Structures are given as C-alpha cells and as structure tokens.
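Values below: all heavy atoms of this structure, side chains included; hydrogens, waters and symmetry mates excluded. Labels below follow one simple rule: chain letters A, B, ... track the order of the sequence lines, proteins then strands, and each chain is numbered from 1. For clarity, every value in this text was computed on a predicted model and none was experimentally measured.
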2 protein chains.
Amino acid sequence: MGRPREFDLDEALESAMQVFWARGYEGASLTDLTGAMGITKTSMYAAFGNKEQLFRKAVERYGEGPASYATSALAEPTARAVAEAFLRGSARTTTLPGSPSGCLTVQGALATSAGSRPAHDMLVCWRNDVGVRLEERFQRAVADGDLPPDADPRRLARYIMTVGFGIAVQAANGLDRDDLDDIADTAMRTWPL
Amino acid sequence: MGRPREFDLDEALESAMQVFWARGYEGASLTDLTGAMGITKTSMYAAFGNKEQLFRKAVERYGEGPASYATSALAEPTARAVAEAFLRGSARTTTLPGSPSGCLTVQGALATSAGSRPAHDMLVCWRNDVGVRLEERFQRAVADGDLPPDADPRRLARYIMTVGFGIAVQAANGLDRDDLDDIADTAMRTWPL
DNA sequence: AGCGTTCTGTACCGGCCGGAACTTAATCGC
DNA sequence: GCGATTAAGTTCCGGCCGGTACAGAACGCT
C-alpha cells in the first residue's frame, strides 16, 4: 500500500556497492552514493536507514555476489581443491572487468577515523568469519583423512586467508588476473597433499 | 634568522605518521594530526606545506623507520634469508607495541575518494618499488647460483610481497606476532632452496 | 634601537559532510 | 470520492573539512 517505489532496490544497492568498493566507506560520500544510485538522499534514508546500514547491506550483497566464491569453495571435494578454488576466486573477483580492482571487504575500511569504527569492526568480523569457516572445513578434511593427521587446520586456513588478502592488495596495486593466478599457483606449492 | 621554531620537526612528523598509520590518509583530519603533533594548523602548513606533503614526509619516515626491514632484508646473504627477513620484518612491524596494527603503506590509502588520488598513487608506487627491489635481489641470486637457474625472480618477489601484504591485513585483523610468524613459516615452505 | 624575517595563535573562509523536516505525489481499501 | 499510507523532491541544518589572512611575538643583523 502507499505510493510505490520508483527505483529498483537491487539496482540501487548494486550501484552503492560499486561506489563503496572503489572508494571505501569513508571515501564514499552520500553525494557519490546517491548520485550513482540515481536517487535522492531522502529516498536512500527511507529505503536503507543511513550510510552505515547501506554499507552493511552492500557488504552482504558483496558476500552473496562477487565474494560468493568464499562460500562455494568450501563445497569442493578435497581440502586442496577448496584452497585452490578460494585463491582463484579471489584472483578473479579482485579483477572483475566492470568492477573496481581489489576486494571491498579488504579496502572498504582498513584504517579509518573514529566515526567509522562500526564499519571497520564489521569488516574485521566478516574477514574473521571467512577464516573460521575455512578452518572448520580443513578440520573436517583432517577428520576425513583428506588431510594428514598432523596437518594444522588453523594454520592452513590462516595461510590461505593471508594469501587471499595479499592478492586483493596486489590487485589494487594494478596486477592483472594472470599475475594473480601465478601467485595462487606459487602459494599452493606449500600444500601438504 | 627570524623567530625560532618552538617544536621539534622530527617529533611532530613522528606523531603525524602515527595518526596516518592508525586512521589512513582520508581518516586523518587536520584536527587529529595537529592535535597529536601538538602544533596549530598554521605551524603545520608553514613547516610541511599541506596535508598531502605531510603524508609524503610521513611515508618517507615510515620507510626509513618501521619499514626499514624492507631495505635491510635485501642485504641478507642468501635469497632465502632475504625472503625470511622480509616476512619476519613485516610481522614485527605490523605488531609493534606502541604503534597501530598493520602497515601504513597498505592501509594508508587503499581505496579513496577522488580528492585523495595523489596519496593513493603514491602508495601504489611505494609498494611497487619495494617489489621491484626484491625482484632485482632475486635476479642477482639466480646469477650468483644462490637460486636455481629455473627460478623465476619476478614470481618469487610477487609471492613474498603478497604474503607481506596479507600479513599486514591479518595484523589489522587482530592477529598477534606469533600468529604472523607462523604464517611466515608456512609461506617459506614453498621456497625452492 | 630599528628592521626584516620567521614562527605562533586566533579567527575565519567557502564547501561539503551526514542527516532530517516538510511538502507534494502516487497508490491502496473503503 | 476519500482518508490512510508510503514514497519523492526540495530545502535546510549544525558541524567539521582543508586551507588561509592577519596580527603579534621572538629572534639576527646592522
């Protein structure tokens, strides 16, 4: 009931995500955001609450879209395939043709002023969550005999996460997908099996 | 001649560096900076020019201080020792007790608004320079027979840089030095010799 | 002493920040 | 047709942003 919304929520959120991705949380002003979204500040506030909640939604969308490789990689049959899919996914997503270089959840709010702590903390949690799920997957691999019994799931997960983060910075630094794939290959040479 | 400066240039720059390190280029306001430096905006402008030049000076100081490991590691006798010193140095510097977690040159300006492009580009160059010097050191190692003739210096340098960047993000994520040293150990298991 | 030079503190600039009040417009059930 | 409800556009807010004009204070030089 009431007047129908004249813009598409999904499209607007997609545009906001792209702006946050390119400029980071603090670097993305409401003018930038609403300009890209094609709506006014009023409409944004009515639809999303405020800048922080818009960011949260954008990060959720990022996790379900560009960064969905982090979840789908867990479904690979072996731990090695999981790790490889994870690194290749990060190489791919940080160099998507129509999107900014790098990873939204890495460059979105690494260092910020005090006012942006919520956004910063939220990304810390997001990144740690991914690491924990990777660790749990590797724990299962040890239990299944897929990884040797002396393998350390936490250490392996942290290593893969670290290389993933590094790939994101390298992408922001201008490396292309082939370069990043090379890095992923090199990183996989440590793999126990 | 003229009225003598009442503050210490070095101390002021050190304080500014710490603020940029913690909050990033955009997140560090002139109020934050001059407050920490213990001087007024006027004094800062007279002494350093403007915010961008202050940032440049702060990054220079960072390279000669906390990040000097990136240069001194090159003097290690073997390529393996270079790589190991580099990764341990990054683990150490990103977890210095009195300083912010993470690396100034990584989190200083990864994603920014258009107005901060100069700061962003400057850090891209800084990071790439470090990578190039590492690559040249590994080229020398191949020429010296320290690395096998089929080793790829560029690939190795990029890999080490990637892990270094990843360590910086993990530090910002809250990992402590022991955790980061573990990661460095794991990463060194790929090493050809 | 007097002067040029340089630093310091205050007060201020236009502009943009994130956010909200208020009016107008579009759609419902009745 | 008629409220009730919800969205849209306009306008404005106080506050902080990076940056500066100006006047006074502390020196070296002659």
Side-chain angles (χ1 to χ4, degrees), chain A residues 1-13 15-17 19-20 22-59 108-109 111-122, chain B residues 1-13 15-17 19-20 22-59 108-109 111-122:
Chain A
M1 181 167 176
R3 177 173 175 175
R5 185 176 285 116
E6 291 179 4
F7 64 94
D8 186 289
L9 265 183
D10 241 44
E11 287 175 15
L13 187 53
S15 302
M17 183 190 78
V19 174
F20 280 129
R23 307 193 190 275
Y25 179 74
E26 286 190 322
S29 73
L30 283 194
T31 307
D32 292 335
L33 290 163
T34 54
M37 296 164 90
I39 61 177
T40 63
K41 285 193 240 184
T42 317
S43 298
M44 191 283 283
Y45 273 89
F48 298 99
N50 59 20
K51 186 184 179 182
E52 192 181 315
Q53 289 177 261
L54 176 62
F55 184 64
R56 181 182 310 275
K57 289 279 179 68
V59 171
T112 64
S113 67
S116 305
R117 277 223 63 167
H120 172 267
D121 293 347
M122 164 190 202
Chain B
M1 180 163 178
R3 178 171 174 174
R5 186 177 284 117
E6 292 178 5
F7 63 95
D8 186 289
L9 264 183
D10 242 43
E11 286 175 16
L13 187 54
S15 302
M17 182 190 77
V19 174
F20 279 130
R23 306 195 191 276
Y25 179 74
E26 285 190 323
S29 73
L30 283 194
T31 306
D32 294 334
L33 289 163
T34 54
M37 296 164 91
I39 62 177
T40 62
K41 284 193 238 183
T42 316
S43 298
M44 190 283 281
Y45 273 88
F48 298 100
N50 60 20
K51 187 184 181 184
E52 191 181 318
Q53 290 177 258
L54 176 63
F55 184 64
R56 181 183 309 276
K57 288 280 180 71
V59 172
T112 64
S113 66
S116 305
R117 277 224 63 169
H120 172 267
D121 292 348
M122 170 182 163

Handout entry: From CE (B:Met44) to CG (B:Leu33), nearest 0.5 Å
Key = 6.5 Å
Practice task
Quickly work out the B:Phe55 CZ to D:dG18 C1' distance and round it to whole Å.
Solution key: 16 Å
Exercise for the section: Round to the nearest Å and state the distance from A:Phe20 atom CZ to C:dG18 atom P. Expected result: 9 Å
Completion exercise
Output for pair (B:Phe48 CZ, B:Ile39 CD1), nearest 0.5 Å, gives 6.0 Å
Handout entry: Between C:dC17 (P) and A:Arg23 (CZ): distance, integer Å
Key = 11 Å
Handout entry: Interatomic distance where CE belongs to A:Met37 and C1' belongs to D:dA8 [whole Å]
Key = 15 Å
Fill in the blank from the handout: Nucleotide by nucleotide, nucleotides 2-8 of chain C touches protein heavy atoms under 4.0 Å in the pattern (B base, S sugar-phosphate only, - none) --BBBBS
Problem - Over all atoms of both residues, closest heavy-atom pair of B:Asp10 and B:Asp8 - result: N-OD1, 2.8 Å
Exercise for the section: Let me know the distance between CG of B:Asn50 and C1' of D:dC17, rounded to the nearest Å. Expected result: 14 Å
Exercise for the section: Would you kindly give the CZ-to-P distance between A:Phe48 and C:dG19, to the nearest whole Å? Expected result: 15 Å
Handout entry: Closest-nucleotide 5' rank along DNA chain C - winner of A:Met44 and B:Lys41
Key = B:Lys41
Exercise for the section: Verify the contact: side-chain N or O of A:Thr31 to OP1 or OP2 of C:dC16, cut-off strictly under 4.0 Å; return yes or no. Expected result: no
Exercise for the section: Let me know the distance between OH of B:Tyr45 and C1' of C:dC13, rounded to the nearest Å. Expected result: 12 Å
Practice task
Please confirm whether B:Lys51 makes a cation-pi placement over B:Phe20, using NZ or CZ under 6.0 Å from the six-membered ring centre and within 45° of the ring normal.
Solution key: no
Exercise for the section: Quick one: do A:Phe55 and A:Met122 satisfy side-chain contact (heavy atoms from CB on, under 4.5 Å)? Show the steps, please. Expected result: CA-CA 10 Å; A:Phe55 184 64; A:Met122 164 190 202; 4.0 Å; yes
Exercise for the section: Quick one: which residue pairs count as a salt bridge (charged side-chain N to carboxylate O under 4.0 Å, His left out) with a foot in residues 22-33 of chain A, not counting sequence neighbours? Expected result: A:Arg23-A:Asp32
Practice task
Nearest-nucleotide wise, let me know which of A:Gly38 and B:Leu30 is further upstream toward the 5' end of DNA chain D.
Solution key: A:Gly38
Handout entry: Gap separating the CG atom of B:Leu13 from the CG atom of B:Leu54, nearest 0.5 angstrom
Key = 6.5 Å
Handout entry: Rounded distance (Å) that lies between atom C1' of D:dC17 and atom OH of B:Tyr25
Key = 12 Å
